[in-house]
Amino acid sequence: MSFIEYGDTIKDGDTAIVFLGHESMFPVKVQHGTVTQTKYGVIRHSTDLIGKKYGSKVTCSKGGWVFILHPTPELWTMNLPHRTQILYSTDISIITMMLELKPGSIVCESGTGSGSLSHALIRTVAPTGHLYTVEFHQQRAEKAREEFREHGVEHLVTVTNQDVCKNGFGVSNIADAVFLDIPSPWEAIGHAKSALKAEGGRICSFSPCIEQVQRTCLVMEEHGFTEINTLEILLRVYNVRTISLQIPDLGKAAEDNSSTGFDSSNPSSQGSPCTDLQRGTVQFKSGMPLREMVGHTGYLTFATKS
Ligand SMILES: C[S@@+](CC[C@H](N)C(=O)[O-])C[C@H]1O[C@@H](n2cnc3c(N)ncnc32)[C@H](O)[C@@H]1O
């Protein structure tokens, strides 16, 4: 197993994702002789996991079952242990596209945080690119190194434990792209410029507050960055639900003169609503947005060094 290439079978030492149901999953480190407790009972790694194919349905001791999934950066983002606030796949996807990342790209990042973005960056630049990631919190830097080792991607990433605003990224003139997720990104713009290739490259800075964006844009301009652009991406998720609506009782005259507008003679036909005149309801499938409001994650400011 590695986060950058698919492996067919579950092996000792792998990080696998135990999928219990919609929005209910967790990562597990596969180890001979170890057991994992779930609400459906115990999973025994030696007999239930090792040697089985990824995607298998595994029966737990109480008779319930789970699926064991191959890890991906997206699943890791949904399940990783949080050491900091993290970036989610909606922002990550636009960052990847707008920084023009591809296999072979050299990327600088700070801070590493919980490594959510790092895993996605590494997967995109593999097998020939490299990520230089800078984190000034020592334990976070060490934990990130340990996870990259466990996930089989350590050869694609260098973690440096230093202050990016004071000491930069530890490399110069080699990066195709730079990404910043720190409280004072404007203090690192000069270092980002020196890390980027002499012929140019792309930069992105993620900030929750508009005042941080204003300062960052001004400093980007002072350093000669062009095409400065700030945007926000909002994800709207829909659940597919059967909706049941009451048919209004308009009296006898209205019933005689009009139809419901729906094909009640064939209530089960696909796509048409199902009327239940006796109970006075009409049922149909619809996409329903979730109840919670879509929240602000942060502003993404992109610019070009040319
Ligand atoms: C919000 S977290 C980054 C989360 C990361 N993007 C992810 O997806 O997991 C910000 C991190 O930047 C680190 N940091 C803040 N200022 C820094 C600086 N000047 N130099 C290096 N790291 C810094 C913090 O310790 C923290 O771990």
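Atoms within a ligand are numbered from 1 in the order they appear, just like the ligands themselves.
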Chemist: Taking K29 first and then E150, would you say they form a salt bridge - that is, a charged N and a carboxylate O separated by under 4.0 Å?
Modeler: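 Result for this pair is yes, salt bridge flagged.
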Chemist: If you take the nearest heavy atom of each of T112, L117, I92, I95, which one is closest to atom 5 (C) of ligand 1?
Modeler: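 It is T112 that holds the nearest heavy atom.
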Chemist: Taking NZ, NE, NH1 and NH2 as the nitrogens, is one of them in E147 or R83 under 4.0 Å from a carboxylate oxygen of the other?
Modeler: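 Salt bridge present between E147 and R83.
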Chemist: So is there a nitrogen or oxygen of T84 less than 3.5 Å from a nitrogen or oxygen in ligand 1?
Modeler: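 N/O-N/O distance below 3.5 Å does not exist for this pair.
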Chemist: So do the side chains of V134 and C108 get within less than 4.5 Å of each other, counting heavy atoms only?
Modeler: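 No. Closest side-chain heavy atoms not under 4.5 Å.
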Chemist: Which of the numbered atoms in ligand 1 are under 4.0 angstrom from any heavy atom belonging to S114?
Modeler: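 Ligand 1 atoms under the 4.0 Å threshold to S114: 9 (O).
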Chemist: L87 to ligand 1: N or O pair under 3.5 Å?
Modeler: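 Looking only at distances, the answer is yes, because the N/O contact criterion of under 3.5 Å is met.
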Chemist: Evaluate the ring-ring contact (aromatic ring centres under 6.0 Å, His included) criterion for residues H151 and H119: first the C-alpha distance (whole Å), next the side-chain angles of each, then the deciding distance (0.1 Å), finally the verdict.
Modeler: CA-CA 9 Å; H151 297 166; H119 279 83; 5.0 Å; yes
Chemist: Could you tell me, atom by atom, which parts of ligand 1 come under 4.0 Å of a heavy atom of G115?
Modeler: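 Those of ligand 1 that fall under 4.0 Å from G115 are 9 (O).
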Chemist: Of all the non-hydrogen atoms in the protein, which one sits nearest to atom 26 (C) of ligand 1, and at what distance?
Modeler: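 Its nearest protein heavy-atom neighbour is R140 NH1, 3.3 Å.
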Chemist: Indicate yes or no: does R149 engage E146 in a salt bridge with an N to O separation below 4.0 Å.
Modeler: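 No, R149 and E146 are not salt-bridged.
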Chemist: Decide whether the shortest distance between a heavy atom of Q162 and an atom of ligand 1 is less than 4.0 Å.
Modeler: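 In this structure, Q162 qualifies as a contact of ligand 1 - some heavy atom is under 4.0 Å.
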Chemist: Centres of the F169 and H191 rings: under 6.0 Å?
Modeler: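 So the answer is no for these two rings.
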Chemist: Would you say D163 has any N or O atom under 3.5 Å from an N or O of ligand 1, going by distance alone?
Modeler: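 Yes, there is a polar N/O contact under 3.5 Å.
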Chemist: So for atom NZ, which belongs to K11, do other residues, nucleotides or ligands contribute more than 12 heavy atoms lying within a distance under 6.0 Å?
Modeler: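 Yes, the 6.0 Å shell around NZ holds more than 12 heavy atoms from other groups.
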Chemist: Taking 4.0 angstrom as the limit and counting only heavy atoms of Q85, give me the atoms of ligand 1 inside it, by number and element.
Modeler: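 Per the distance check, 1 (C), 2 (S), 4 (C).
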Chemist: Which ligand 1 atoms, with their elements, are less than 4.0 angstrom from a heavy-atom of G113?
Modeler: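 Within the 4.0 Å cut-off of G113, ligand 1 contributes 3 (C), 4 (C), 27 (O).
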Chemist: With respect to atom 23 (C) of ligand 1, which of F136, F169, F206 exhibits the smallest heavy-atom separation?
Modeler: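 The nearest heavy atom belongs to F136.
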Chemist: Please determine if P183 has a nitrogen or oxygen closer than 3.5 Å to a nitrogen or oxygen of ligand 1.
Modeler: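 In this structure, P183 places no N or O atom under 3.5 Å from an N or O of ligand 1.
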Chemist: What are the two closest heavy atoms between I228 and F225, and how far apart are they?
Modeler: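 Heavy-atom minimum between the residues: CD1-O, 3.8 Å.
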Chemist: Suppose we measure from atom 6 (N) of ligand 1 to each protein heavy atom; which comes out shortest, and what is that distance?
Modeler: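 For atom 6 (N) of ligand 1, the nearest protein heavy atom is D181 OD2, 2.9 Å.
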Chemist: Return the residue, atom name and 0.1 Å-rounded distance of the protein heavy atom closest to atom 20 (N) of ligand 1.
Modeler: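 Looking at atom 20 (N) of ligand 1, the protein heavy atom closest to it is V164 N, 3.0 Å.
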Chemist: If Ile, Leu, Val, Met, Phe, Trp and Tyr residues are connected whenever their side-chain heavy atoms lie under 4.5 Å apart, and connections chain through other members, are I210 and F206 in the same group?
Modeler: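 Cluster IDs for I210 and F206 differ.
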Chemist: Can you find an N/O atom of F179 closer than 3.5 Å to an N/O atom of ligand 1?
Modeler: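 No, since none of the N or O atoms of F179 sits under 3.5 Å from an N or O of ligand 1.
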Chemist: Please output the side-chain donor-acceptor pairs of residues 174-189 that fall under 3.5 Å, not counting sequence neighbours, one pair per line with the distance.
Modeler:
from, atom 1, to, atom 2, distance (Å)
D176, OD1, K197, NZ, 2.7
D176, OD2, I106, N, 2.8

Chemist: Return a yes/no value for S116: is any of its N or O atoms, backbone included, closer than 3.5 angstrom to an N or O of ligand 1?
Modeler: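 N/O-N/O distance below 3.5 Å exists for this pair.
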Chemist: State whether the shortest distance between N or O atoms of E135 and N or O atoms of ligand 1 falls below 3.5 angstrom.
Modeler: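 Yes; the residue has a nitrogen or oxygen that sits under 3.5 Å from a nitrogen or oxygen of the ligand.
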Chemist: Test your reading of the model: is there a side-chain donor-acceptor pair from T84 to the backbone of G113, 3.5 Å cut-off?
Modeler: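 Checked: no pair found.
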Chemist: Can you tell me which residue and heavy atom of the protein come closest to atom 12 (O) of ligand 1, and the distance to 0.1 Å?
Modeler: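 Its nearest protein heavy-atom neighbour is G111 CA, 3.4 Å.
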